[in-house]
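Some notes on the structure that comes next.
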Amino acid sequence: MFSDAVSSSPLLQNLNPEQLAAVTLPATHALILAGAGSGKTRVLTTRIAWLLQNGYVSPGGILAVTFTNKAAKEMLTRLSSMLPINVRGMWIGTFHGLCNRFLRAHYKLANLPSTFQILDTQDQLSAIKRLCKQFGIDDERFPPKDLMRFIAGCKEDGLRAKDVPAHDENSRKKVEIYDLYEQQCQREGVVDFGELMLRSYELLRDNAPIREHYQRRFRHILIDEFQDTNKLQYAWIKMLAGQGADAMESMPGGSVVAVGDDDQSIYAFRGARVGNMADFVREFNVTHQIKLERNYRSFGNILDSANALISHNTQRLGKNLSTEAGPGEPVRVYESASDFAEAQWFVDEVRQLVRDGTERKEIALLYRSNAQSRVMESALFNASIPYRVYGGLRFFERAEIKHALAYLRLLDNPHDDTSFMRVVNFPPRGIGARTIEQLQDISNASGCSLHDGVSAVPGKAGANLGAFVAKLDVMREQTAGCTLREIIELVLKHSGLEEHYKTDKDGQDRLENLAELVNAAEAFVSQEGFGRDAVALPVDELGVNLSQSPASQGLDMSAAVLDKPSPEQLAPDLETGETLSPLVAFLTHAALESGDNQAQAGQDAVQLMTVHSSKGLEFDCVFITGLEDGIFPHENALNDAGGIEEERRLMYVAITRARKRLYLSHSQTRMLHGQTRYNLKSRFFDELPESALKWITPRNRGFASGLGSGSGNWSGASNSGSGGARGDWAGSGFHSKSGNAERFASPPVPAQKSAPSHGLKSGMKVFHAKFGEGKVQMLEGTGDDARAQINFTRHGVKWLALSVAKLTVI
DNA sequence: TCTTGTCCGGTTTTT
DNA sequence: CCGGACAAGA
């Protein structure tokens with residue numbers, strides 16, 4: 001179908017046959033099942049470059065969507081290195097970034113003020129709290145966090161309050177609050193993340209000229225990480241592709257290419273629907289499906305482990321990764337006696353790896369939940385090994401930055417009550433809870449913003465408030481016509497933020513961050529041309545630099561011809577080129593890109609992160625720790641099959657991060673919520689191929705203890721052992737190399753032939769040194785793995801590993 | 001009004 | 001254990 005001239009293009013060199021097929025797909029709808037490490041991003045960007053280079057589409061005719069800013073940025077960078085084109089005007093970005101751009105261009109039709117601001121999760125929560133207070137909602141029955149989840153969930157499903165089915169009193173109330181929240185946001189001129197998507201969708205749905213314009217325009221739609229799309233995002237794509245229920249046409253000559261991996265779907269908890277992949281195939285009549293199963297990342301043993309594990313999932317599209325790299329090293333498995341011992345082992349291994357020439361940044365430590373990082377961090381810290389923890393507070397989420405941004409927002413929109421509340425008494429200026437309550441009552445009664453209610457507050461309180469508002473007004477006047485940098489510097493000074501942190505004894509870091517905010521703004525203005533990114537470009541600028549791509553070699557140009565928008569084809573004001581003020585653009589940027597969390601990004605440091613945040617990354621050496629039932633898989637997922645399958649996919653993601661060497665570890669005991677827990681090793685170990693594994697812990701560790709001795713009395717490694725290990729830790733760090741582990745190692749015990757006879761039966765009453773009296777509810781496993789679920793009178797239900805726990809039958 | 005102590009609760013995360 | 005959230009003193 002394609003000429004030699006095309007396939008010999010330098011763009012297409014070194015692609016394997018499947019990748020090449022994906023890159024050069026004809027203009028139809030297609031699903032690309034791209035396994036981990038199969039070169040997915042490369043395929044996506046190469047396809048875009050290929051389409052452009054051959055003139056099948058102009059830059060303006062492409063819509064490429066990703067989930068994270070990082071992925072979007074990478075796509076743009078790679079693209080500009082492949083082709084000499086100006087990527088600025090191209091619609092490549094995150095769902096939310098693109099929706100923002102769309103709404104900025106059509107703010108009037110979307111019924112938004114031109115300066116609408118975006119609420120991040122923090123802002124949204126405080127907006128909901130404020131609302132609950134105003135309407136006297138019982139926050140025991142309706143915790144604001146739950147309400148936020150509920151509202152976000154509704155929006156992810158594309159539901160307005162009126163569309164949400166409510167059968168009982170409870171859900172009716174929640175829907176009512178959702179509705180009130182919407183009204184509040186509208187009044188204040190703010191939108192949350194979900195609203196960006198939902199409102200874009202509704203505008204496309206309800207406005208035919210707009211819809212048809214964009215449907216004509218985007219000939220090639222590409223979506224990355226399709227398995228993570230939610231219901232609304234899928235509906236949005238359908239709408240743009242003319243597959244909506246009332247669509248006139250179904251983008252003839254156009255194409256939607258969805259790239260995803262159902263095995264890496266790990267975001268169901270936030271509304272992602274893997275089912276979108278199957279729906280896409282059905283609803284778009286997808287005829288071209290390509291599987292990318294050749295893995296260029298990991299050695300065989302690692303891939304075999306991943307394949308074997310994921311084969312235990314039932315709901316799969318089916319895919320098996322293969323490599324030509326050879327088996328490589330075995331997957332190393334380690335069992336420790338405590339989380340402290342695990343950390344010590346990790347530190348020792350890291351030291352060894354570094355000695356052998358591994359770069360620290362090529363070593364990643366993955367864990368299921370953030371709480372697990374602490375013990376690891378301490379161990380690394382004590383060993384003076386540089387490390388970097390991902391996750392946590394990001395730049396634009398820091399309190400001092402949020403304060404500064406709140407002042408800036410109030411300059412543009414004094415009715416932004418969320419921002420008003422945040423800084424009305426920060427730095428402290430004698431406006432207390434009582435005064436604010438008064439103001440809220442007045443504003444609520446007259447249905448105005450807090451800002452407008454100020455004048456009606458009597459007495460000294462009113463005077464204080466008045467002074468605050470006057471200060472804002474002065475700042476607004478003084479900053480008129482200033483550059484972004486000048487505006488921010490002036491606000492930092494006049495708001496008193498700078499002064500406040502100067503006198504605060506540990507305000508140095510915060511001052512530095514505020515200085516960094518000025519830098520960020522400066523960088524934003526110069527690099528981004530302040531927010532041309534955030535607004536739609538005029539239509540006639542869309543074909544920029546197309547002339548620089550080589551003309552197509554006598555190929556079918558119909559796609560390109562179709563795409564080229566002729567000015568008369570479009571209503572003149574469908575897309576506005578209206579420029580946003582630098583300040584609004586910067587505030588938008590701050591909300592949509594919360595900024596990197598760590599300044600020390602470039603350093604050669606060991607990388608610590610949750611499995612979730614490791615998605616999309618790869619490392620030479622990967623440690624997956626805390627592989628215990630209840631930790632990974634997480635206990636909240638143990639009770640339903642779907643939950644276990646998602647945990648298994650999570651494990652699959654974790655394993656496939658490793659290039660050369662993979663370590664798995666679990667611990668017999670672990671401190672959690674200030675208590676020592678006894679965990680069994682993760683059930684996922686049973687799903688890995690024994691031939692790919694190598695246990696580097698002597699397997700006779702732990703022991704069957706005196707079980708079945710008839711006395712009904714047996715001992716495990718003593719409970720106080722963990723206390724001892726902790727003492728060691730707190731006192732002298734990790735000096736004793738294997739000391740902790742040895743402490744737990746049990747004395748040799750004659751093999752117990754009659755393994756299961758630990759003498760316990762459900763219903764028995766037992767005594768535990770720490771938990772007191774309890775009743776055996778359930779028993780599982782044999783020998784080392786035997787465990788009992790015990791309902792303790794004073795401490796509730798617990799699972800105890802019988803090889804460790806000290807129990808007496810009473 | 002602002003600071004200090006007690007209580008509670010506690011996955012995963014991006015936008 | 002550890003942070004956030006609220007209730008009592010300066």
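Convention: sequence-line order gives letters A, B, ...; per-chain numbering from 1.
- Taking only side-chain atoms of Thr435(A), from C-beta outward, the nucleotide of dT1(B), dC2(B), dC1(C) with the closest atom is dT1(B).
- In this structure, of dT13(B), dT15(B), dT11(B), it is dT13(B) that holds the atom nearest to the side chain of Thr610(A).
- By the 6.0 Å and 45° rule, Arg409(A) does not stack over the aromatic ring of Phe420(A).
- For His612(A) and Tyr267(A), the gap between ring centers is short of 6.0 Å.
- The aromatic rings of Tyr501(A) and Phe426(A) sit tilted relative to each other, their planes meeting at an angle between 30° and 60°.
- Computed from coordinates, the Leu592(A) CG to dT13(B) P distance equals 20 Å when rounded to whole Å.
- Dashed line: the shortest gap from a side-chain N or O of Arg394(A) to OP1 or OP2 of dT14(B) is under 4.0 Å.
- Checking dT11(B), dT13(B), dA5(C) against every side-chain atom of Lys129(A), the shortest atom distance belongs to dA5(C).
- Relative ring orientation between His589(A) and Phe524(A) is described as tilted, the plane-to-plane angle lying within the 30° to 60° band.
- Remark: Arg648(A) is not positioned above the aromatic ring of Tyr652(A), lacking an NZ or CZ atom under 6.0 angstrom from the ring centre and at most 45 degrees off the axis.
- Applying the 4.0 Å criterion to OP1 and OP2 of dG10(B), one finds that Asn370(A) has every side-chain N and O outside that range.
- With the nearest nucleotide of DNA chain B identified for both Gly432(A) and Ser369(A), Gly432(A) has the one nearer the 5' end.
- Regarding Glu635(A), its CD atom lies at a distance of 12 Å from the P atom of dT12(B), rounded to whole Å.
- Separating the CD atom of Glu225(A) from the P atom of dT14(B) is a distance of 13 Å, rounded to the nearest angstrom.
- Straight-line distance from the CZ atom of Arg149(A) to the P atom of dT12(B): 12 Å, rounded to whole Å.
- By the 5.5 Å and 30° criteria, Tyr267(A) is not stacked with the base of dT14(B).
- In this structure, Ser594(A) does not reach the dT14(B) phosphate: none of its side-chain N or O atoms is under 4.0 Å from OP1 or OP2.
- Following rounding to the nearest Å, Leu125(A) (CG) and dT14(B) (C1') show an atom-to-atom distance of 17 Å.
- The residue among Ala637(A) and Ala433(A) whose nearest nucleotide of DNA chain B lies closer to the 5′ end is Ala433(A).
- Straight-line distance from the CG atom of Leu366(A) to the P atom of dT12(B): 15 Å, rounded to whole Å.
- Taking atom NZ of Lys145(A) as the reference point, atom C1' of dG4(C) lies 8 Å away to the nearest angstrom.
- Taking only side-chain nitrogens and oxygens, Asn69(A) never comes nearer than 4.0 Å to OP1 or OP2 of dT14(B).
- Closest to the Phe269(A) side chain, of the nucleotides dT13(B), dT15(B), dC1(C), is dT13(B).
- A syn base is found at dT11(B): its glycosidic angle is within 90° of 0.
- For dC2(B), the OP1/OP2 oxygens have a side-chain nitrogen or oxygen of Asn425(A) closer than 4.0 Å.
- The aromatic ring centroids of Phe684(A) and His312(A) lie 6.0 Å or more from each other.
- Note on Lys70(A): every side-chain N or O is 4.0 Å or more away from OP1 and OP2 of dT14(B).
- Separating the CZ atom of Arg374(A) from the C1' atom of dG10(B) is a distance of 12 Å, rounded to the nearest angstrom.
- Nearest to the side chain of Arg270(A), among dT12(B), dC2(C), dT14(B), sits dT14(B).
- Judged by distance alone with a 3.5 Å cut-off, no donor-acceptor contact links the side chain of Arg368(A) to the base of dT11(B).
- Ring-base stacking between His96(A) and dT15(B) is not satisfied when judged by a centre separation under 5.5 Å and a plane angle under 30°.
- Of the candidates dC2(B), dT1(B), dT14(B), dC2(B) carries the atom nearest the Pro428(A) side chain, counting heavy atoms from C-beta on.
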